[in-house]
**Q** 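Before we start, here is the structure in question, set down as structure tokens.
Atom set for the values below is all heavy atoms of this structure, side chains included, hydrogens, waters and symmetry mates excluded. By convention here, the first residue in the shown sequence is residue 1. Each ligand, and each atom within it, is numbered from 1 in the order the structure gives.
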Amino acid sequence: MGKKISDNIGKAFNIESMAAARNRAFAFQAQKEGRKDLARLFRAIADAKSAQARRFLGHMKGKIGSTKENLSEALENEKRALEDIYPGMAKEAEGAPWAVKKAFNQTMKVSSRHLDLFRRVTETGDSEVEATLYVCRICGYISENEVPDNCPVCHAVKGRFAEVA
Ligand SMILES: [Zn+2]
């Protein structure tokens with residue numbers, strides 16, 4: 001496969017991934033506005049975009065390995081984001097509006113939590129995460145087995161957590 005095609009596969013993966021995230025956010029907003037029908041449509045589009053992204057990812061050489069390999073890659077990605085990417089971005093956001101600064105700082109805290117979870121399953125050789133997992137829909141913090149009264153990172157109330165099926 002030529003370089004142009006490989007590059008396009010990577011671009012298509014990025015486009016579909018971003019569209020999935022965007023449509024999921026639009027669904028969240030529609031839900032808040034009480035437009036359940038449109039929220040469902042946005043969620044369906046988001047799921048479809050995720051499927052398309054997954055398809056292109058499958059054509060990116062070496063991008064989907066065994067679960068053991070994927071865990072290791074996921075861990076390295078979190079580590080890189082946490083150590084090499086976000087600290088610089090957070091520093092550059094110091095003069096930005098408060099909410100933007102907060103988004104970068106909380107993303108670092110949440111990524112650190114994600115890294116801990118990946119480290120635990122990778123280092124202990126545990127292939128199973130037995131805990132029930134709840135995700136804060138505001139900041140992305142993951143809680144195990146119980147929903148905290150307030151999110152330890154963004155202080156969102158209990159109702160903002162969603163159980164992961
Ligand atoms: Zn939160």
**Q** Is the shortest side-chain N to carboxylate O distance from D84 to K79 below 4.0 Å?
**A** no

**Q** State, to the nearest 10 degrees, the angle whose vertex is the Zn ion (ligand 1) and whose arms point to SG of C154 and SG of C151.
**A** 110°

**Q** One thing to verify: whether D37 and R35 come together as a salt bridge, which I'm taking to mean a side-chain N less than 4.0 angstrom from a carboxylate O.
**A** yes

**Q** Just to the nearest 10 degrees, tell me the angle at the Zn ion (ligand 1) spanned by C139 SG and C136 SG.
**A** 110°

**Q** Okay, side chain of S112, backbone of M108: is any donor-acceptor separation there less than 3.5 Å?
**A** no

**Q** Centroid separation under 6.0 Å, is that true for the rings of F42 and F26?
**A** yes

**Q** If the cut-off is 2.8 Å, does any N/O/S atom of H155 fall short of it from the Zn ion (ligand 1)?
**A** no

